[in-house]
Structures are given as C-alpha cells and as structure tokens.
Amino acid sequence: MTPLEAEILRIIAVDGPMPVAQFMALCLSHPVHGYYQTRDPLGARGDFITAPEISQMFGELVGVWTVVMWRQMGSPDPMRLVELGPGRGTLMADALRAARVAPAFGAAVTVDLVETGRVLRQRQQTALSGLGVRLVWHPEFAAVPDAPLIAVANEFLDALPVHQAVRARDGWHERMVGRGPDGGLAMALHPEPLAGFESLLPPAVRAAPLGAVYEWRSDRPIAELAARVVRCGGAALVFDYGHAESGLGDTLQAIGGHRFAGVLERPGEVDLTAHVDFAAVGRVAREAGARVWGPTPQGTFLRRLGIETRAARLKAASPARAAEIDAALDRLAGAGPGRMGELFKVIAITDPRLPAPPGFGSIHDAA
Ligand code: SAH
C-alpha cells in the first residue's frame, strides 16, 4: 500500500467516500505524496512523453505564435508570458529561443511559471535560468500579476481533477472512491442522484442510456484565464488531447512507466488523466467574454504555422538527424495511432478586440 493510499483510506474512514475528482486531486497534487510533487514524470525513462519533449519544433512554433500575437496586441511593454504546468521547461526554453527574432519582445517580457511540483520547478529553473529573461514561479494562475499577457498550456488541463457521474433510472449519480469489502479502495456511486443535474448537461448528452458515464471539470481555471485575457488584453493557447464535442464515456486513465495501470492502483505513484472536453472549455471562455478559436487539430495548426518548412531547415542544417526529425514531425502532426496530430487539439482564447490568431482559419471561429 502506498503512503497516499493509507492517507486516503483514513480520510474515507472519517468523511465517507470522496468524489473521483477529489481522489484525482489528492493523487496528483497532495503536498507530500502527490504524483507531481515528488517526481519528474516526463521523458523516455519517465511515465509519458509530451510534444515539446519530442522535438524543439513544437516550442519554437509556439514562440513564433507568441511574437505574432504580441505584435497584434500592439507590442505591450511590460508583458507577461505565462505557462501553466511547464513540465521540464522545454517548451518555454524553445519558445524564448525562437522569440529572439524580436529583441523588443524579450525586453518586454516577464515569464510566469504556474507549477505546483517542487521537482519540476527545479528542472524549469535549470532549463530557463540562462536565457536572460525574468522568471517568476506561482502556485496558481490567480497569483500572476495583472498585465497584458499571453498564456500557454500543454497537457495541463488533462491533469486537472475530473468529476464523473453515471446514469441510473432515478437520475445521475456521482462516482465516488470508497473502501471496498477487502479494505482497499473501490469505486462506488453516491446513493442520492445529483439534484438538477440533467438541466446542466449539454443537449447531446441528455438522452444517455443507463450506465453511461459523463465527465466534467470545474469551470474555474478556464473562467479565470479567459476573464484575465479580456480584462488585461492578450490570449491563451491551450493544447491537449480530448474531444471537440461534449460526449459520454469514461476516459479517466492511469499511466505508469509508459503503460496503463488501474485508476485505483498505487495512488500517488501513477499519473491520472482524462480527456479534455473542448466544447466545455470554449463555452466557459465565451461566457467570460473572450473570443474562442478552434478547437483545431494539432497537426493542422502546426502545419499552418510552418512545421514542414521548419523540419526541412533543421534537416538541411543537420543531415545526420534527418530520420529523427521526420519521425518527430510525423508524431507531432501526423494522424492515426501513436501520433498527436488529430487526437490533440488546440484552442485559442483571445481578447475579442484582437484579429484572428495565426494558425486558426476564420472558419474555425465558432463564437
Ligand atoms: N507542459 C509540460 C508538462 C505536462 S505534465 C509538457 O508539455 O511537457 C503536467 C504539468 O502540469 C506538470 O508540470 C505538472 O506539475 C503541472 N500541474 C498539474 N496539476 C497542476 C496544478 N493543479 N497546478 C499547477 N500545475 C499543475
């Protein structure tokens, strides 16, 4: 039994079963035993690999996007460049290197890193401290000072706690984590249906069959981000895997050592994630007054920003790495199993006074 499992069982003994979202929050962010508190989970020897870790091209194109947006904003100085969940700091390092084409941008910018994990903060410091920009760390986005901003997040939303409810005859019951007959953790349903839940559901989901699972997250992180973009001016660029339309299905999964694990197995030692509902993200951002672009498939977005040209340049500069660069291009922008180009999507949340951001055709503006 992991130390966190023992602690969760103690909480359940006192308070009763907890929502899946609370279990997920404890597993990932418990101050002592949380998965992201205690380790660097990224890379070939870690639990999973992300787009910026696959190739420098990803962060570089985000850097170019950022400079174009900054100019569209009227080149504000001072300006905050915010990253939510920066991992090893690789995306930000590659973005800042690419942004050197605009020295005035580098002079204007303070980089704000929103990170809860102490091991990853250390890695971010190592990756970014030599780049000549001001760096500030925050435990949450709300602590970032007010100023015109561009925020970036990759594989951040999927790590935020997700609630689950299951359709029964008398309504929707929240899924809970409790203590099973063998004394270990077990899934259970809350005995009472969620009051008034049906009316909050997206129309496409209301006619769900018995046993169907619906997942949702707190609106707060996106509402805060969108409200800030509207109030201070700027944009947010959010990449993640998930679905463009709200739907049904249990997408909560546990990953350890690049392999699937049981969701209740080894709490605090495996990563827990769930698909992002981009329709919900867009709705929350629009309700906060922002303009929403996308979701656009990651492959489409990266091609529009010129990833193929960038790959050709890198190959010309280092022919020995050609096969590796082609493989990275395919993994980031290609479609099908093991590739990110279609499963991953990107959404931009912008100040409605700004023109279309690069990479999003105007037809994708669903507002
Ligand atoms: N963006 C990086 C890392 C993705 S992993 C990349 O693409 O490689 C998820 C990141 O979000 C980690 O840095 C993790 O520590 C951070 N994180 C997870 N939950 C968080 C929370 N509630 N607040 C702040 N950071 C969080």
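When a ligand or atom number is given, it counts from 1 through the structure's own listing order. The first residue of the sequence shown is numbered 1, and numbering continues consecutively from there. Hydrogens, waters and symmetry mates play no part in the numbers below; they use all other heavy atoms, side chains included.
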Give me the residue, atom name and distance of the protein heavy atom closest to [atom].
| atom | result |
| --- | --- |
| atom 5 (S) of ligand 1 | Tyr36 OH, 3.6 Å |
| atom 6 (C) of ligand 1 | Thr50 OG1, 3.3 Å |
| atom 7 (O) of ligand 1 | Asn154 ND2, 2.8 Å |

Practice prompt. Decide yes or no on ring-ring contact (aromatic ring centres under 6.0 Å, His included) for Tyr241 and His275, but give the supporting numbers first.
Written response: CA-CA 6 Å; Tyr241 66 99; His275 281 210; 5.0 Å; yes

Practice prompt. Return yes if some donor-acceptor pair links the side-chain N/O of Glu155 with the main-chain N/O of Thr50 below 3.5 Å, else return no.
Written response: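 Flag not set: sc Glu155 to bb Thr50 has no pair under 3.5 Å.
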
Discussion item. Give the atom numbers and elements of ligand 1 that come within less than 4.0 Å of a heavy atom of Pro52.
Written reply: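 Listed by number with element, the hits are 6 (C), 7 (O), 8 (O).
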
Worksheet item: What atoms of ligand 1 come closer than 4.0 angstrom to any heavy atom of Leu120?
Response: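 Close to Leu120: 12 (C), 13 (O), 15 (O).
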
Item to complete: May I have the step-by-step check of side chain to side chain donor-acceptor pair (under 3.5 Å) for Gln37 and Arg118, ending in yes or no?
Response: CA-CA 6 Å; Gln37 286 300 319; Arg118 43 180 192 276; 3.2 Å; yes

Item to complete: Salt-bridge test for Arg228 and Glu224: reply yes if a basic N is under 4.0 Å from a carboxylate O, no otherwise.
Response: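 Salt bridge between Arg228 and Glu224, a charged N being under 4.0 Å from a carboxylate O: no.
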
Item to complete: Flag the pair Arg121 / Leu113 as yes when at least one side-chain heavy-atom distance between them is below 4.5 Å, and no otherwise.
Response: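 Counting from C-beta outward, Arg121 and Leu113 never come under 4.5 Å.
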
Discussion item. Determine whether Phe301 and Phe360 satisfy the following criterion, ring-ring contact (aromatic ring centres under 6.0 Å, His included), listing intermediate values before the conclusion.
Written reply: CA-CA 7 Å; Phe301 178 77; Phe360 297 90; 5.2 Å; yes

Item to complete: For Asp112 and His138, test the side chains for any donor-to-acceptor distance below 3.5 angstrom and give the result as yes or no.
Response: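 Yes, side-chain donor-acceptor contact under 3.5 Å.
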
Worksheet entry | Pairwise distance CG(Leu149) to OG1(Thr110) - rounded to 0.5 angstrom |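 Going from the CG atom of Leu149 to the OG1 atom of Thr110 covers 12.0 Å.
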
Worksheet item: Measuring from the heavy atoms of Leu28, does anything fall under 4.0 Å of ligand 1?
Response: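 Under 4.0 Å: no for Leu28.
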
Could you tell me whether some N/O pair between [X] and ligand 1 is separated by less than 3.5 angstrom?
| X | value |
| --- | --- |
| Glu155 | no |
| Gly87 | yes |
| Gly85 | yes |

Item to complete: Could you name the option among Glu83, Met92, Glu115 that has the heavy atom nearest to atom 13 (O) of ligand 1?
Response: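 Answer by nearest heavy atom: Glu115.
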
Worksheet item: How does Thr116 reach ligand 1, if at all, at less than 4.0 Å between non-hydrogen atoms: by side chain, backbone, both, or neither?
Response: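 Near ligand 1, Thr116 shows its backbone as well as its side chain.
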
Practice prompt. For ligand 1, note which part of Leu42 has a heavy atom under 4.0 Å away: side chain, backbone, both or neither.
Written response: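 Under 4.0 Å from ligand 1, Leu42 contributes side-chain atoms alone.
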
